Trainee: 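Next up is a structure, given as structure tokens.
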Amino acid sequence: MTSTSNPTTGVDDVVQMLTPDGTRVPNSDFDAYAHELTVDDLKGFYRDMVLIRRVDAEGNALQRQGQLGLWVPLLGQEAAQIGLGRALRPQDYVFPTYREHGVAWCRGVEPETLLGIFRGQNHSGWDPKDNNFNVYTIVIGSQVMHATGYAMGVQIDGAVGTGDMDRDTIAVACCGDGATSQGDVSEALTFAGAFRAPVLFYIQNNQWAISEPNKVQTSVPLYTRGQGFGVPGVRVDGNDILAVYSVCRAYADRIRSGQGPMLIEAYTYRMGAHTTADDPTKYRDDAEVEAWKPKDPILRVRKYLENTNDVDAAFFTAIDDEADALAERIRSACVNMEPPPVDEIFDSVFVEPHPMIEEEQREYKEYLASFADVEGDN
């Protein structure tokens, strides 16, 4: 990897291919993947980021209006998520945290389904087999172990290193910077390194683990955390979708070819709150937030598209109109969402029928029916 001291990110050894002012920066290690992208691909990235940012804004607004119990914002992390999502192949399996709305978008999970989780109208959201996208994980870091175990299963099945890029599979373990302090992550790195499991550890370093900054979590850069486990890493500018996509493509293909696990640190910033239950003004300075605003991932792609004279204003207007229509659609879907059938929570516990669950289901139905009897008596 080309080592670079980068003034626009404030850190060393970071892969950047698109500066905040929309200037293209060559990178000998990853340019091959960037050169494959067409103008339409870049326009697609821009569309993805604008639409998922609008979904995020609606999630915040709906929570404030009492329509959601909680929302987990992704503002500022759009490139880190869309770049990863668009770099993967259909057979790859993603294990998300609770903030991967952009990756979910790329894997075909509808925004309304995400809102249903935080509204309490569905129990896990979706069938992971439909999208190769696991359900959201609330327990910090546990999904990293799940991803590593899945990757070891892929290895046992012989679905990696065959040379068939439509078959060779990787697992992706998404986590935040704070999760790297959890024992589960270290255990996952141990197993992945020892068994050379085909797993990509993808850390979105948004600088804050709720109210704790990086400096109190680790004394070394996060991308180096895997070295002692035999898991090589790289740091990428997480607000640069061109770099994120290219690095993720490169590392995913290396893992797919049988080179073992790898780690990517996407260096980005959480512009909003950790969740809607959080107040970031209590623990970070406004000046820090202001310093990151010019590094906005959507703005830099727009500048690049405008600077290359390949895209006119009509394109951007059309995307804004599409975002408005999407917002209206998901607002309506959210407030009109029907509660799930009572049976669903029992039916989803075990694959096969289970006597204890069936008894609990019967008792609960009788309990609910007792309310109908009371209403009838009145």
Side-chain angles (χ1 to χ4, degrees), residues 15-18 20 22 24 30 33-34 36-59 72-90 92-111 113-114 131-133 136 170 172-176 200 202-206 236-252 264-272 292 295-305 311 315-316 318-320 322-323 326-327 330:
V15 177
Q16 185 181 80
M17 306 177 79
L18 202 60
R24 178 74 165 84
F30 301 102
Y33 290 95
E36 294 175 359
L37 296 170
T38 66
V39 173
D40 284 341
D41 291 328
L42 294 174
K43 290 164 70 175
F45 290 165
Y46 178 85
R47 173 182 177 271
D48 286 335
M49 290 194 290
V50 169
L51 294 185
I52 202 59
R53 178 172 287 187
R54 188 57 179 272
V55 170
D56 182 55
E58 291 304 317
V72 185
L74 61 70
L75 182 64
Q77 297 179 227
E78 294 87 358
Q81 295 196 13
I82 299 298
L84 168 66
R86 292 305 181 199
L88 300 176
R89 293 178 178 270
D92 298 332
Y93 204 110
V94 181
F95 291 79
T97 66
Y98 41 70
R99 197 188 303 275
E100 266 70 64
H101 315 322
V103 186
W105 171 270
C106 294
R107 301 305 280 184
V109 177
E110 295 293 342
T113 307
L114 298 178
N131 310 83
N132 280 1
F133 186 77
Y136 274 6
I170 70 168
V172 181
C174 296
C175 71
L200 172 63
Y202 190 73
I203 304 170
Q204 289 180 73
N205 179 1
N206 65 19
V236 62
D237 181 349
N239 285 19
D240 173 1
I241 196 167
L242 198 60
V244 172
Y245 171 84
S246 300
V247 171
C248 288
R249 272 287 312 277
Y251 268 43
I264 297 173
E265 175 195 353
Y267 195 86
T268 181
Y269 193 78
R270 166 168 58 82
M271 295 298 293
W292 275 87
K295 304 172 186 178
D296 181 87
I298 296 177
L299 183 61
R300 74 173 68 185
V301 174
R302 177 166 183 153
K303 288 179 178 178
Y304 178 70
L305 290 171
V311 181
F315 166 76
F316 300 109
I319 298 301
D320 290 341
E322 187 178 0
L326 176 61
I330 63 177

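All of these numbers come straight from a predicted model, not from anything done at the bench.
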Trainee: Could you grab the distance from atom OH of Tyr245 to atom CG of Leu42, nearest 0.5 Å is fine?
Mentor: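 Answer rounded to 0.5 Å: 10.0 Å.
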
Trainee: If we ignore angles and hydrogens, is there a donor and acceptor under 3.5 Å between the side chains of Asn206 and Thr268?
Mentor: no

Trainee: Once you round to the nearest 0.5 Å, how far does OH of Tyr267 lie from CG of Asp237?
Mentor: 10.0 Å

Trainee: Quick check for you: to the nearest 0.5 Å, what is the distance between Leu84 atom CG and Arg107 atom CZ?
Mentor: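 Answer rounded to 0.5 Å: 9.0 Å.
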
Trainee: So, do Ile298 and Val50 sit near enough that their side-chain heavy atoms are less than 4.5 Å apart?
Mentor: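 Result yes, sub-4.5 Å side-chain heavy-atom pair found.
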
Trainee: Testing Val244, Ile264, Val247, Leu242 one by one against Val15 for a side-chain contact (heavy atoms from CB on, under 4.5 Å), which residue passes?
Mentor: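 Among the candidates, only Val247 passes.
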
Trainee: Which atom names give the shortest non-hydrogen contact between Pro111 and Trp105, and what distance separates them?
Mentor: CG-CZ3, 3.8 Å

Trainee: What closest approach, in Å, do Leu114 and Ala104 show between heavy atoms, and which atom pair accounts for it?
Mentor: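 Minimum heavy-atom contact is CD2-CB, 4.2 Å.
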
Trainee: Could you tell me whether a side-chain N or O of Asp48 sits under 3.5 Å from a main-chain N or O of Gly102, the two making a donor and an acceptor?
Mentor: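 Looks like no, no N/O pair under 3.5 Å.
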
Trainee: Taking atom types as modelled, find out whether Asp240 and Gln16 have a side-chain donor-acceptor pair closer than 3.5 angstrom.
Mentor: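 Distance-only check fails for Asp240 and Gln16.
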
Trainee: Test of understanding: with salt bridge (charged side-chain N to carboxylate O under 4.0 Å, His left out), list the residues that count as partners of Glu100, not counting sequence neighbours.
Mentor: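 Salt bridge (charged side-chain N to carboxylate O under 4.0 Å, His left out) list for Glu100, sorted by chain: empty.
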
Trainee: Locate the shortest heavy-atom distance separating Ala80 from Ala266; write the atom from each residue and the value.
Mentor: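 Heavy atoms only, the tightest pair is CB-CB, 4.1 Å.
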
Trainee: Gly238 and Ala79: which non-hydrogen atoms are nearest, and at how many Å?
Mentor: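 Smallest heavy-atom distance, with atoms named: O-CB, 3.5 Å.
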
Trainee: Rounded to the nearest 0.5 Å, how far does CD1 of Ile203 lie from CG of Asn205?
Mentor: 8.0 Å

Trainee: Hey, what do you get for CD1 (Ile82) to SG (Cys248), rounding to the nearest 0.5 Å?
Mentor: 12.0 Å

Trainee: Between Leu18 and Lys303, is any pair of side-chain heavy atoms under 4.5 Å apart?
Mentor: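 No. Closest side-chain heavy atoms not under 4.5 Å.
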
Trainee: Tell me if a side-chain donor or acceptor on Tyr202 pairs with a main-chain N or O of Gln81 at a distance below 3.5 Å.
Mentor: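 Not at all, since once roles are kept as given, no pair shorter than 3.5 Å links the two residues.
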
Trainee: Restricting to non-hydrogen atoms, name the atom on Asp56 and the atom on Leu75 that form the minimum distance, rounded to 0.1 Å.
Mentor: OD2-N, 3.4 Å

Trainee: Check for a donor-acceptor pair, side chain of Glu78 on one end and backbone N or O of Gly76 on the other, with a separation under 3.5 Å.
Mentor: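 Indeed, once roles are kept as given, a pair shorter than 3.5 Å links the two residues.
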
Trainee: Examine distances only and state if a side-chain atom of His101 and a backbone atom of Val72 form a donor-acceptor pair shorter than 3.5 Å.
Mentor: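 Yes: the side chain of His101 pairs with the backbone of Val72.
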
Trainee: Any idea which heavy atoms bring Leu305 and Phe315 closest together, and the distance?
Mentor: CD1-CE2, 4.5 Å

Trainee: Rounded to the nearest 0.5 Å, what separation is found between the CD atom of Glu58 and the CG atom of Leu326?
Mentor: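 Answer rounded to 0.5 Å: 8.0 Å.
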
Trainee: Could you check if a side-chain atom of Gln204 sits within less than 4.5 angstrom of a side-chain atom of Arg99, using non-hydrogen atoms only?
Mentor: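 Not in contact.
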
Trainee: For the side chain of Arg86 and the backbone of Val103, is there at least one donor-acceptor N/O pair under 3.5 Å apart?
Mentor: no

Trainee: May I ask you to test the Phe30-Val236 pair for a side-chain heavy-atom distance under 4.5 Å?
Mentor: no

Trainee: Would you please classify the geometry between the Tyr46 ring and the Phe316 ring as parallel, tilted or perpendicular, with 30° and 60° separating the classes?
Mentor: perpendicular

Trainee: Would you say Arg300's side chain and Lys295's backbone share a donor-acceptor pair under 3.5 angstrom?
Mentor: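 Yes; judged by distance alone, with no hydrogens or angles, the pair exists.
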
Trainee: Do Asp92 and Arg89 have side-chain heavy atoms sitting under 4.5 Å apart?
Mentor: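 Side-chain contact under 4.5 Å: yes.
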
